[in-house]
Amino acid sequence: MNYNAQAGTDGRAHRSLSKKPKRVSDVNAIGSTIPFQQMTSQIPTNQYMPPDPNNFYGGQEQPQHQQPNYGYIPQQPQQPNHVPRQPGQPSAPVPGMGGGQFAMFQQPIVQDMAMQYGQKLADQGKEMVHSHIEKYLPVAKLKYYFAVDNSYVVNKLKIIFLPFLQKDWGMKYDHDNPVQPRYDINAPDLYIPSMSYITYVVLAGIALGMQNRFSSEQLGIQASSALAYSIIEMLIYILTLYIGNISTSLSTLDLLALTGYKYSAIVSIVAGSILLKRMGYYLAFFYTSAMLPMFLLRTMKAKVLSEPAQTQSAVGYDPYGQPQNDHHVGRKRKLYFLFLVTGLQPVLAFWLTVHLIVSDTVQSA
(Lines give C-alpha, C1' and ligand atoms only; values in the text may rest on other atoms or scores of the structure.)
Protein backbone atom coordinates (compact mmCIF):
# COMPACT_ATOMS: atom_id res chain seq x y z
CA MET A 1 0.00 0.00 0.00
CA ASN A 2 1.49 3.21 -1.15
CA TYR A 3 1.59 6.22 1.15
CA ASN A 4 0.24 9.50 -0.28
CA ALA A 5 1.43 12.59 1.61
CA GLN A 6 -1.45 14.66 0.39
CA ALA A 7 -4.10 12.16 1.07
CA GLY A 8 -4.99 13.72 4.33
CA THR A 9 -5.30 17.19 2.96
CA ASP A 10 -8.43 18.87 1.96
CA GLY A 11 -9.63 17.77 -1.41
CA ARG A 12 -10.64 21.27 -2.22
CA ALA A 13 -7.13 22.12 -3.31
CA HIS A 14 -7.30 19.54 -6.05
CA ARG A 15 -10.64 20.75 -7.14
CA SER A 16 -9.49 24.41 -7.25
CA LEU A 17 -6.78 23.58 -9.75
CA SER A 18 -9.23 22.12 -12.11
CA LYS A 19 -11.43 25.15 -12.10
CA LYS A 20 -11.38 27.72 -14.94
CA PRO A 21 -9.34 30.90 -14.07
CA LYS A 22 -11.32 34.00 -13.48
CA ARG A 23 -10.86 37.22 -15.54
CA VAL A 24 -9.13 39.98 -13.63
CA SER A 25 -10.16 43.53 -14.47
CA ASP A 26 -7.03 45.19 -12.90
CA VAL A 27 -4.21 44.84 -15.33
CA ASN A 28 -1.61 46.24 -12.91
CA ALA A 29 -2.30 43.39 -10.57
CA ILE A 30 -0.91 40.81 -12.97
CA GLY A 31 2.14 42.86 -14.21
CA SER A 32 3.15 43.86 -17.70
CA THR A 33 1.60 41.97 -20.57
CA ILE A 34 3.98 43.48 -23.22
CA PRO A 35 6.03 40.78 -24.77
CA PHE A 36 9.82 41.06 -24.92
CA GLN A 37 11.08 43.02 -27.89
CA GLN A 38 12.97 41.21 -30.49
CA MET A 39 16.68 41.82 -30.63
CA THR A 40 17.59 44.37 -33.26
CA SER A 41 20.69 46.33 -34.17
CA GLN A 42 19.23 49.46 -32.56
CA ILE A 43 19.37 50.06 -28.83
CA PRO A 44 15.95 50.86 -27.33
CA THR A 45 15.75 53.93 -25.16
CA ASN A 46 13.26 55.20 -22.67
CA GLN A 47 13.00 57.92 -20.11
CA TYR A 48 14.62 55.86 -17.38
CA MET A 49 17.75 55.06 -19.32
CA PRO A 50 20.57 57.55 -20.09
CA PRO A 51 21.34 58.25 -23.77
CA ASP A 52 24.62 56.38 -23.38
CA PRO A 53 24.35 53.11 -21.39
CA ASN A 54 28.07 53.32 -20.58
CA ASN A 55 27.82 56.88 -19.22
CA PHE A 56 26.56 56.28 -15.69
CA TYR A 57 27.78 59.64 -14.31
CA GLY A 58 25.97 62.03 -16.60
CA GLY A 59 29.05 63.24 -18.44
CA GLN A 60 28.96 65.03 -21.76
CA GLU A 61 28.30 62.47 -24.43
CA GLN A 62 30.00 62.34 -27.76
CA PRO A 63 27.89 63.02 -30.85
CA GLN A 64 26.57 59.80 -32.39
CA HIS A 65 24.35 58.84 -35.26
CA GLN A 66 20.67 59.64 -34.91
CA GLN A 67 18.63 57.11 -32.91
CA PRO A 68 14.95 56.39 -33.44
CA ASN A 69 12.61 58.29 -31.18
CA TYR A 70 10.33 56.16 -29.01
CA GLY A 71 8.41 59.05 -27.52
CA TYR A 72 11.50 60.37 -25.74
CA ILE A 73 12.75 63.93 -26.19
CA PRO A 74 16.55 63.79 -25.88
CA GLN A 75 18.41 66.45 -23.94
CA GLN A 76 20.10 69.05 -26.12
CA PRO A 77 23.89 68.86 -25.89
CA GLN A 78 25.62 71.85 -24.34
CA GLN A 79 27.24 74.23 -26.77
CA PRO A 80 30.96 74.82 -26.35
CA ASN A 81 31.90 78.14 -24.75
CA HIS A 82 34.44 79.00 -27.43
CA VAL A 83 34.50 79.52 -31.15
CA PRO A 84 36.48 77.05 -33.26
CA ARG A 85 39.88 78.39 -34.13
CA GLN A 86 40.30 79.67 -37.66
CA PRO A 87 43.60 79.46 -39.57
CA GLY A 88 45.90 82.26 -38.50
CA GLN A 89 44.07 82.87 -35.21
CA PRO A 90 45.33 82.05 -31.69
CA SER A 91 44.32 78.76 -30.13
CA ALA A 92 40.95 78.46 -28.41
CA PRO A 93 40.81 78.90 -24.64
CA VAL A 94 41.18 75.76 -22.56
CA PRO A 95 38.25 75.02 -20.20
CA GLY A 96 39.19 75.65 -16.60
CA MET A 97 42.23 77.73 -17.52
CA GLY A 98 40.76 81.24 -17.61
CA GLY A 99 39.15 80.97 -21.04
CA GLY A 100 36.62 83.65 -20.19
CA GLN A 101 39.37 86.16 -19.46
CA PHE A 102 41.06 85.46 -22.79
CA ALA A 103 37.75 85.85 -24.58
CA MET A 104 37.23 89.19 -22.83
CA PHE A 105 40.61 90.52 -24.04
CA GLN A 106 39.70 89.52 -27.59
CA GLN A 107 36.81 91.94 -27.67
CA PRO A 108 37.45 94.97 -29.98
CA ILE A 109 36.32 97.47 -27.34
CA VAL A 110 38.72 96.07 -24.76
CA GLN A 111 41.58 96.06 -27.28
CA ASP A 112 40.92 99.70 -28.23
CA MET A 113 40.90 100.72 -24.58
CA ALA A 114 44.16 98.89 -23.97
CA MET A 115 45.78 100.55 -26.99
CA GLN A 116 44.66 104.01 -25.89
CA TYR A 117 45.95 103.41 -22.36
CA GLY A 118 49.29 102.14 -23.67
CA GLN A 119 49.64 105.14 -25.99
CA LYS A 120 48.90 107.47 -23.10
CA LEU A 121 51.59 105.83 -20.96
CA ALA A 122 54.08 106.03 -23.85
CA ASP A 123 53.37 109.75 -24.33
CA GLN A 124 53.81 110.43 -20.63
CA GLY A 125 57.10 108.53 -20.59
CA LYS A 126 58.33 110.42 -23.66
CA GLU A 127 57.49 113.77 -22.10
CA MET A 128 59.25 112.76 -18.88
CA VAL A 129 62.39 111.69 -20.77
CA HIS A 130 62.42 114.89 -22.82
CA SER A 131 62.00 117.02 -19.71
CA HIS A 132 64.96 115.34 -18.01
CA ILE A 133 67.15 115.48 -21.12
CA GLU A 134 66.38 119.16 -21.72
CA LYS A 135 67.80 119.98 -18.27
CA TYR A 136 71.28 118.84 -19.30
CA LEU A 137 71.24 118.72 -23.11
CA PRO A 138 69.30 121.31 -25.13
CA VAL A 139 68.07 119.06 -27.94
CA ALA A 140 65.93 121.77 -29.53
CA LYS A 141 68.94 124.09 -29.79
CA LEU A 142 71.16 121.36 -31.20
CA LYS A 143 68.78 120.90 -34.13
CA TYR A 144 69.58 124.46 -35.20
CA TYR A 145 73.31 123.72 -35.45
CA PHE A 146 72.76 120.63 -37.60
CA ALA A 147 70.34 122.24 -40.06
CA VAL A 148 72.77 122.20 -43.01
CA ASP A 149 72.85 120.97 -46.60
CA ASN A 150 75.55 120.09 -49.13
CA SER A 151 75.90 123.57 -50.58
CA TYR A 152 76.37 125.06 -47.11
CA VAL A 153 79.11 122.54 -46.24
CA VAL A 154 81.05 123.23 -49.46
CA ASN A 155 80.78 127.01 -49.13
CA LYS A 156 81.64 126.94 -45.42
CA LEU A 157 84.81 124.93 -46.03
CA LYS A 158 85.75 127.39 -48.75
CA ILE A 159 85.42 130.27 -46.27
CA ILE A 160 87.45 128.43 -43.61
CA PHE A 161 90.41 127.80 -45.93
CA LEU A 162 90.00 130.96 -48.06
CA PRO A 163 88.62 133.62 -45.68
CA PHE A 164 90.12 136.50 -47.65
CA LEU A 165 87.60 135.82 -50.46
CA GLN A 166 84.61 136.44 -48.21
CA LYS A 167 83.30 140.03 -48.17
CA ASP A 168 80.13 139.89 -46.07
CA TRP A 169 80.56 138.55 -42.53
CA GLY A 170 77.24 139.67 -41.07
CA MET A 171 74.66 137.19 -39.81
CA LYS A 172 71.00 137.16 -40.83
CA TYR A 173 68.16 137.37 -38.31
CA ASP A 174 64.46 136.66 -38.49
CA HIS A 175 62.51 138.48 -35.74
CA ASP A 176 65.58 138.63 -33.47
CA ASN A 177 66.26 134.93 -34.07
CA PRO A 178 69.27 133.80 -36.11
CA VAL A 179 68.53 132.09 -39.41
CA GLN A 180 69.42 128.42 -39.82
CA PRO A 181 72.90 127.70 -41.21
CA ARG A 182 71.53 126.35 -44.48
CA TYR A 183 70.18 129.84 -45.22
CA ASP A 184 73.09 131.82 -43.76
CA ILE A 185 76.66 130.93 -44.67
CA ASN A 186 78.06 132.94 -41.72
CA ALA A 187 76.03 131.07 -39.09
CA PRO A 188 78.01 128.60 -36.94
CA ASP A 189 77.22 124.89 -37.15
CA LEU A 190 78.25 121.69 -35.42
CA TYR A 191 78.03 119.37 -38.43
CA ILE A 192 81.42 120.28 -39.91
CA PRO A 193 83.26 120.09 -36.54
CA SER A 194 81.76 116.69 -35.71
CA MET A 195 82.48 115.22 -39.15
CA SER A 196 85.99 116.68 -39.08
CA TYR A 197 86.61 115.11 -35.68
CA ILE A 198 85.62 111.66 -36.97
CA THR A 199 87.75 112.13 -40.09
CA TYR A 200 90.71 113.14 -37.92
CA VAL A 201 90.48 109.89 -35.94
CA VAL A 202 90.40 107.84 -39.16
CA LEU A 203 93.39 109.68 -40.69
CA ALA A 204 95.28 109.34 -37.42
CA GLY A 205 94.87 105.58 -37.65
CA ILE A 206 96.21 105.63 -41.23
CA ALA A 207 99.21 107.74 -40.20
CA LEU A 208 99.96 105.42 -37.28
CA GLY A 209 99.71 102.44 -39.60
CA MET A 210 102.25 104.00 -41.95
CA GLN A 211 104.58 104.33 -38.94
CA ASN A 212 103.96 100.70 -37.89
CA ARG A 213 102.37 101.91 -34.65
CA PHE A 214 98.71 101.19 -35.34
CA SER A 215 96.55 99.37 -32.80
CA SER A 216 92.99 99.58 -31.58
CA GLU A 217 94.21 101.03 -28.28
CA GLN A 218 96.09 103.81 -30.09
CA LEU A 219 92.98 104.68 -32.10
CA GLY A 220 90.96 105.00 -28.91
CA ILE A 221 93.69 107.12 -27.32
CA GLN A 222 93.60 109.54 -30.26
CA ALA A 223 89.82 109.94 -30.07
CA SER A 224 89.68 110.33 -26.28
CA SER A 225 92.63 112.72 -26.08
CA ALA A 226 91.18 115.02 -28.76
CA LEU A 227 87.83 115.06 -26.96
CA ALA A 228 89.51 115.76 -23.62
CA TYR A 229 91.47 118.70 -25.05
CA SER A 230 88.27 120.17 -26.48
CA ILE A 231 86.52 119.93 -23.11
CA ILE A 232 89.45 121.55 -21.31
CA GLU A 233 89.54 124.29 -23.92
CA MET A 234 85.84 125.04 -23.41
CA LEU A 235 86.30 125.17 -19.64
CA ILE A 236 89.12 127.70 -20.07
CA TYR A 237 86.92 129.95 -22.22
CA ILE A 238 83.93 129.74 -19.88
CA LEU A 239 86.06 130.53 -16.82
CA THR A 240 87.68 133.44 -18.65
CA LEU A 241 84.31 134.95 -19.51
CA TYR A 242 83.09 134.46 -15.96
CA ILE A 243 86.17 135.75 -14.15
CA GLY A 244 86.70 138.65 -16.53
CA ASN A 245 82.98 139.57 -16.37
CA ILE A 246 82.87 139.72 -20.17
CA SER A 247 79.38 140.02 -21.65
CA THR A 248 79.03 138.78 -25.22
CA SER A 249 76.26 137.50 -27.45
CA LEU A 250 78.12 134.19 -27.90
CA SER A 251 76.40 131.17 -26.44
CA THR A 252 78.21 128.06 -25.27
CA LEU A 253 77.16 126.13 -28.38
CA ASP A 254 78.32 129.01 -30.60
CA LEU A 255 81.70 128.90 -28.94
CA LEU A 256 81.84 125.10 -29.27
CA ALA A 257 81.02 125.29 -32.97
CA LEU A 258 83.54 128.06 -33.75
CA THR A 259 86.39 126.38 -31.89
CA GLY A 260 85.45 123.04 -33.45
CA TYR A 261 86.42 124.30 -36.91
CA LYS A 262 90.06 123.66 -35.99
CA TYR A 263 89.45 119.98 -36.73
CA SER A 264 88.99 120.91 -40.38
CA ALA A 265 92.48 122.40 -40.32
CA ILE A 266 93.78 119.35 -38.42
CA VAL A 267 92.38 117.02 -41.11
CA SER A 268 94.21 118.95 -43.81
CA ILE A 269 97.45 118.85 -41.77
CA VAL A 270 97.30 115.05 -41.24
CA ALA A 271 96.35 114.51 -44.89
CA GLY A 272 99.35 116.60 -45.98
CA SER A 273 101.61 114.49 -43.75
CA ILE A 274 100.26 111.26 -45.28
CA LEU A 275 100.68 112.49 -48.86
CA LEU A 276 103.88 114.54 -48.70
CA LYS A 277 105.42 113.33 -45.45
CA ARG A 278 107.15 115.96 -43.30
CA MET A 279 107.16 118.71 -45.93
CA GLY A 280 103.41 118.33 -46.51
CA TYR A 281 102.79 118.48 -42.79
CA TYR A 282 104.55 121.81 -42.28
CA LEU A 283 103.08 123.38 -45.41
CA ALA A 284 99.54 122.53 -44.32
CA PHE A 285 100.23 123.57 -40.73
CA PHE A 286 101.57 127.03 -41.52
CA TYR A 287 98.85 127.74 -44.07
CA THR A 288 95.99 126.73 -41.74
CA SER A 289 97.65 128.54 -38.82
CA ALA A 290 97.24 131.77 -40.82
CA MET A 291 93.79 131.15 -42.34
CA LEU A 292 91.98 129.75 -39.29
CA PRO A 293 92.66 132.73 -36.96
CA MET A 294 91.63 135.12 -39.73
CA PHE A 295 88.36 133.25 -40.17
CA LEU A 296 87.65 133.22 -36.42
CA LEU A 297 88.51 136.90 -35.96
CA ARG A 298 86.11 138.03 -38.65
CA THR A 299 83.37 135.65 -37.53
CA MET A 300 83.57 136.36 -33.79
CA LYS A 301 84.22 140.08 -34.02
CA ALA A 302 80.57 141.05 -34.33
CA LYS A 303 79.45 138.73 -31.54
CA VAL A 304 82.23 139.44 -29.05
CA LEU A 305 82.71 143.19 -29.49
CA SER A 306 79.01 144.04 -29.72
CA GLU A 307 77.39 145.57 -26.64
CA PRO A 308 74.03 144.37 -25.32
CA ALA A 309 71.17 146.88 -25.40
CA GLN A 310 71.07 147.37 -21.64
CA THR A 311 74.83 147.91 -21.46
CA GLN A 312 74.81 150.46 -24.27
CA SER A 313 72.03 152.47 -22.62
CA ALA A 314 73.87 152.46 -19.30
CA VAL A 315 77.23 153.53 -20.73
CA GLY A 316 78.00 157.19 -20.00
CA TYR A 317 75.45 157.44 -17.19
CA ASP A 318 76.92 158.44 -13.82
CA PRO A 319 74.58 159.67 -11.05
CA TYR A 320 77.55 161.18 -9.13
CA GLY A 321 79.09 162.99 -12.10
CA GLN A 322 82.16 160.72 -12.20
CA PRO A 323 83.61 159.72 -15.60
CA GLN A 324 82.83 156.20 -16.72
CA ASN A 325 85.61 154.01 -18.16
CA ASP A 326 83.77 150.69 -17.98
CA HIS A 327 83.15 150.70 -21.71
CA HIS A 328 86.84 150.94 -22.58
CA VAL A 329 87.85 148.40 -19.93
CA GLY A 330 85.21 145.95 -21.12
CA ARG A 331 86.29 146.35 -24.74
CA LYS A 332 89.89 145.56 -23.85
CA ARG A 333 88.83 142.42 -22.03
CA LYS A 334 86.82 141.34 -25.04
CA LEU A 335 89.80 141.88 -27.31
CA TYR A 336 91.98 139.82 -25.00
CA PHE A 337 89.42 137.03 -25.02
CA LEU A 338 89.20 137.19 -28.81
CA PHE A 339 92.98 136.90 -29.17
CA LEU A 340 93.01 134.03 -26.65
CA VAL A 341 90.52 132.03 -28.69
CA THR A 342 92.13 132.64 -32.07
CA GLY A 343 95.70 132.17 -30.81
CA LEU A 344 94.99 128.90 -29.02
CA GLN A 345 93.68 127.13 -32.15
CA PRO A 346 97.08 126.68 -33.93
CA VAL A 347 98.66 125.53 -30.66
CA LEU A 348 96.06 122.80 -30.17
CA ALA A 349 96.29 121.81 -33.85
CA PHE A 350 100.05 121.34 -33.52
CA TRP A 351 99.70 119.42 -30.25
CA LEU A 352 97.18 116.97 -31.75
CA THR A 353 99.15 116.30 -34.95
CA VAL A 354 102.87 116.52 -34.17
CA HIS A 355 103.12 112.83 -33.25
CA LEU A 356 101.46 111.82 -36.54
CA ILE A 357 104.18 113.12 -38.86
CA VAL A 358 105.12 110.40 -41.34
CA SER A 359 108.90 110.54 -41.89
CA ASP A 360 110.67 109.33 -45.03
CA THR A 361 112.81 106.83 -43.15
CA VAL A 362 109.83 105.05 -41.63
CA GLN A 363 108.04 104.95 -44.98
CA SER A 364 111.05 103.42 -46.75
CA ALA A 365 111.50 100.84 -43.99
Side-chain angles (χ1 to χ4, degrees), residues 145 153 156-163 188-240 252-297 299-300 337-365:
Y145 292 93
V153 173
K156 193 71 173 183
L157 291 175
K158 187 187 298 183
I159 295 176
I160 293 173
F161 291 100
L162 301 172
D189 71 284
L190 287 172
Y191 177 81
I192 293 178
S194 58
M195 293 298 104
S196 300
Y197 170 78
I198 297 173
T199 307
Y200 159 71
V201 175
V202 175
L203 291 180
I206 296 174
L208 290 173
M210 295 177 66
Q211 302 175 31
N212 298 325
R213 296 190 296 120
F214 175 78
S215 64
S216 58
E217 292 81 5
Q218 286 293 327
L219 201 63
I221 290 173
Q222 297 299 319
S224 59
S225 60
L227 184 61
Y229 284 131
S230 297
I231 295 174
I232 294 173
E233 179 188 6
M234 288 299 301
L235 291 176
I236 291 173
Y237 297 151
I238 293 173
L239 289 176
T240 302
T252 304
L253 292 177
D254 290 340
L255 197 57
L256 179 63
L258 292 173
T259 56
Y261 287 128
K262 67 176 172 291
Y263 287 105
S264 301
I266 290 174
V267 167
S268 63
I269 294 171
V270 179
S273 176
I274 293 173
L275 296 176
L276 300 175
K277 312 303 183 292
R278 187 176 296 273
M279 182 182 66
Y281 172 85
Y282 285 108
L283 286 176
F285 173 74
F286 286 118
Y287 179 79
T288 56
S289 297
M291 296 297 105
L292 185 61
M294 183 186 301
F295 164 76
L296 292 177
L297 280 173
T299 304
M300 298 176 62
F337 174 75
L338 191 60
F339 291 147
L340 173 65
V341 174
T342 56
L344 196 58
Q345 304 307 308
V347 175
L348 291 174
F350 177 78
W351 186 261
L352 292 174
T353 58
V354 65
H355 62 284
L356 300 176
I357 301 176
V358 180
S359 60
D360 298 332
T361 58
V362 174
Q363 182 66 17
S364 61

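On a predicted model such as this, the values are computed, not experimentally measured, just so you know.
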Visitor: Sequence neighbours excluded, which residues qualify as ring pair (Phe, Tyr, Trp, His ring centres under 6.0 Å) partners of Tyr281?
Guide: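 Result, ring pair (Phe, Tyr, Trp, His ring centres under 6.0 Å) vs Tyr281: none returned.
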Visitor: Using the side-chain hydrogen bond (donor to acceptor under 3.5 Å, both in side chains) criterion, which residues pair with Ser273? Sequence neighbours excluded.
Guide: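 Result, side-chain hydrogen bond (donor to acceptor under 3.5 Å, both in side chains) vs Ser273: none returned.
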Visitor: Does anything in residues 282-292 form a side-chain hydrogen bond (donor to acceptor under 3.5 Å, both in side chains)? List the pairs, not counting sequence neighbours.
Guide: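 Non-adjacent pairs meeting side-chain hydrogen bond (donor to acceptor under 3.5 Å, both in side chains): zero.
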Visitor: Show your reasoning for whether side-chain hydrogen bond (donor to acceptor under 3.5 Å, both in side chains) applies to Gln211 and His355.
Guide: CA-CA 10 Å; Gln211 302 175 31; His355 62 284; over 6 Å; no
Visitor: Write out all pairs satisfying ring-ring contact (aromatic ring centres under 6.0 Å, His included) with one or both partners inside residues 195-223, taking only residues at least two apart or from two chains.
Guide: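 Residue pairs with at least one partner in residues 195-223: Tyr197-Tyr263.
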Visitor: Answer whether the closest heavy-atom distance between the side chains of Leu296 and Lys262 falls below 4.5 Å.
Guide: no
Visitor: Could you check Gln222 against Leu208 for side chain to side chain contact (heavy atoms under 4.5 Å, CB included), going step by step and ending with a plain yes or no?
Guide: CA-CA 10 Å; Gln222 297 299 319; Leu208 290 173; 4.2 Å; yes
Visitor: Sort and list the pairs that fulfil salt bridge (charged side-chain N to carboxylate O under 4.0 Å, His left out) and have at least one residue in residues 193-204, not counting sequence neighbours.
Guide: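 Residue pairs passing salt bridge (charged side-chain N to carboxylate O under 4.0 Å, His left out), neighbours aside: none found.
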Visitor: Could you list the residues that satisfy ring pair (Phe, Tyr, Trp, His ring centres under 6.0 Å) with Tyr191, not counting sequence neighbours?
Guide: none
Visitor: Which pairs of donor and acceptor atoms, one on a side chain in residues 156-163, lie under 3.5 Å apart (sequence neighbours left out)?
Guide:
| residue | atom | partner | partner atom | Å |
| --- | --- | --- | --- | --- |
| Lys156 | NZ | Ile185 | O | 2.9 |
| Lys156 | NZ | Ala187 | O | 3.3 |

Visitor: Please list all pairs passing the salt bridge (charged side-chain N to carboxylate O under 4.0 Å, His left out) test where one or both residues lie in residues 219-229, with sequence neighbours left out.
Guide: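 Those involving residues 219-229 do not exist here.
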Visitor: Given Leu203, which partner from the list Leu356, Val267, Thr353, Ile266 fulfils the side-chain contact (heavy atoms from CB on, under 4.5 Å) test?
Guide: Val267
Visitor: Check Gly260 against Pro193 and note the closest heavy-atom contact, atom names and distance.
Guide: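 Heavy atoms of Gly260 and Pro193 come nearest at O-CB, 3.5 Å.
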Visitor: Which pair of heavy atoms, one from Thr252 and one from Met234, lies closest together, and at what distance?
Guide: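 Shortest heavy-atom separation between Thr252 and Met234 comes out as O-CE, 3.7 Å.
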Visitor: Could I get the full list of side chain to side chain contact (heavy atoms under 4.5 Å, CB included) partners for Ser225, not counting sequence neighbours?
Guide: Tyr229
Visitor: Under a 4.5 Å cut-off applied to non-hydrogen side-chain atoms, are Met300 and Leu255 in contact?
Guide: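 Yes, their side chains come closer than 4.5 Å.
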Visitor: Specify the closest pair of heavy atoms between Leu219 and Val201, including all atoms of both residues, with the distance to one decimal.
Guide: CD1-O, 3.4 Å
Visitor: Mind jotting down which residue pairs meet the side-chain hydrogen bond (donor to acceptor under 3.5 Å, both in side chains) criterion with at least one end in residues 340-350? Sequence neighbours excluded, please.
Guide: Glu233-Gln345, Tyr237-Gln345
Visitor: Could you list the residues that satisfy side-chain hydrogen bond (donor to acceptor under 3.5 Å, both in side chains) with Ser196, not counting sequence neighbours?
Guide: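 Per chain and number, Ser196 pairs via side-chain hydrogen bond (donor to acceptor under 3.5 Å, both in side chains) with Ser264.
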Visitor: For Leu235, check side chain to side chain contact (heavy atoms under 4.5 Å, CB included) against everything at least two apart and list the hits.
Guide: Ile231
Visitor: How many angstroms lie between CD1 in Ile269 and CD1 in Ile274, if you round to the nearest 0.5 Å?
Guide: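 It comes to 12.5 Å.
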